[in-house]
Amino acid sequence: MAAADSPSAALRRRDLCSRGIRLAGKMRSDVISLLDTYVERQGLDASASVAAVEGVPVAAVEHWDEQGGTQRLLENLAAYRAFRTLLAQMLEEQREQLGEADAALGRALAAVLLQVSAFAYHLEELLRLESSRGPPSEEGAAAPAPPHLGLFERKLRGLGVLQELAQWAVRSARDLRQLAKLSPGSSSVPSPTESP
Amino acid sequence: DSHIQYERVGADVTMKCGSMDWDAAVTWTANGTDIDESHLNGSYLILKNVDLTQSGQYSCYEGSSWHLKYQTYLRVGTPPKEPVLLCRSNNYPKGFYCSWHLPTPTYIPNSFNISVIHGTREMVCEKDVFPKNRCHIRYLQLFSTVKYKVTLTVTNALGKNSTTVTFDEFTIVKPDPPESVVAKPVPNNPRRLEVSWQNPSSWPDPESFPLKFFLRYRPLILDQWQHVELSDGTSHTITDAYAGKEYIIQVAAKDNDIGTWSDWSVAVHATPWTEEPKHLTTEAQVTETTSASTSSFMPPPTTKICDKGAVVGNGAVAVCWTAGLVLAAYGLLFI
């Protein structure tokens, strides 16, 4: 987008990055509270760490500092879209499993799902600014069916989803700070990185 | 033939004089001093319940010819106890280091071997030249939920021991304390102190990985600290300082999102601006002789001449009101 080099685009981008960083921060602290609630309600061991859950986007990345702005946004967007689906599945399973018995957990899950959706939307906005192609569409990408798992496996899978989401929330804040550092074009006034 | 022999504290040691027969006539020396025959069993030297002081060079000479038949260096020590291992990242996201020590010395040489496993991958921890008991690792991946498992094995001639620590990428992050902490009075502001500091130089990228700070301050004469948490910036103005009191100030740092607080920085001292120039040197015990009307510690008025034994107010400082008036008047004369 030619507009990406304009001063107003640079300002908008800086603004989106700052807000995104704040969103990521809030999301992270809510996910951590949710994790505490989840572990307690599901009767899991708080120190359990679940290795590589299938279908969950992994936050771990090599050569992170070498990534370009668009690549960062694309990876983040793909992850949060996946989490949106995963959390919706978890919410559904939780309602089936516990019914109304655990409204608190349901509410907390729904609140985080909302934040994940909002963050995905925010990333789409940034991608429109960053890349002439804009964000990839979601049409035709059918949500993968949740694997058939026993109750305990489902609980562990849920734990893995939330642990990885907490990790992503930290990574996203870092990604957005890196993005904010990149100067959009030589014509624009270099802007200092805003601290959240 | 000279070699080294390692034995445990408290062990019984039997030394043979090389290939000499048991009934050969020999003389043993320890660090050049003849050993009494009572310690000999034939030509064997018997040392019972050895202690650290018995380390040294032991030599065996043939009786008549004084040929050196055998020599050994005895080193008395202990097998290693479980080592203490600590891993920390003060330069996130570059990597982390692990350092170790033994809780008690072994008195003999030890070798250390460290292994770092991340999931299925074995990583190499590069030994530092200084300090010796330390190695560092570069992160290959960031934002991983997979834990790191570090095992340190210490081995010496008398045994081995090991310890393992397991941690994830975020929990070991602990920056070094902030540097160049400076505290200055603010002119014409008797209750303010301006504090500034810098990010620790070991923190590689404060722009992308900003630090937040914790400031603590108190007047020297009180025990209780005031605390301020600052989410950004490397300066802060204290606005509630007690006038005329010397303050001690420290700052700590933490990554904005992960890890733990650093240790406290080096302490700095500062006293807020006061109206009258002080004629007495500002040392730890500042005598209250200024007539600064903004002082919160007003000494109780008394018409008595202060005697040495009198202690008023909070007991920490002897206050002499009348003497103060005299000195203040004196001070004014010299302005």
So does Asp257(B) pair up with Arg177(A), basic N to acidic O under 4.0 Å?
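Salt bridge flag = yes for Arg177(A) with Asp257(B).
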
May I ask you to decide whether Glu62(A) forms a salt bridge with Arg121(B), counting only side-chain N to carboxylate O separations under 4.0 Å?
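Looking at Glu62(A) and Arg121(B), the cut-off is met.
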
Are any of the side-chain heavy atoms of [X] and [Y] separated by less than 4.5 Å?
X: Arg28(A); Y: Ile258(B); answer: yes
X: Lys181(A); Y: Ser208(B); answer: yes
X: Gln141(B); Y: Trp64(A); answer: no

Picking from Asp65(A), Val61(A), Val170(A), Leu176(A), which has the most non-hydrogen pairs under 4.5 angstrom with chain B?
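The option with the most such pairs is Val61(A).
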
Is it true that, when you exclude [X] itself, more than 12 heavy atoms of the residues, nucleotides or ligands shown sit nearer than 6.0 Å to its [atom1]?
X: Lys94(B); atom1: NZ; result: no
X: Lys81(B); atom1: NZ; result: no
X: Glu153(A); atom1: CD; result: yes

Under 4.5 Å from a heavy atom of chain A, the part of Asp205(B) involved
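The side chain, not the backbone.
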
Go through the atoms of Phe209(B) and report whether side chain, backbone, both or neither lie under 4.5 Å from a heavy atom of chain A.
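Both parts, backbone and side chain.
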
Using the rule given for side-chain contact (heavy atoms from CB on, under 4.5 Å), can you reason through Glu164(A) versus Thr145(B), listing the C-alpha separation, both sets of side-chain angles and the distance that settles it, and then say yes or no?
CA-CA 7 Å; Glu164(A) 207 62 44; Thr145(B) 46; 3.2 Å; yes

Quick one: CD on Gln167(A) to CG on Leu142(B), what's the gap to the nearest 0.5 Å?
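Gln167(A) CD to Leu142(B) CG: 10.5 Å, rounded to 0.5 Å.
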
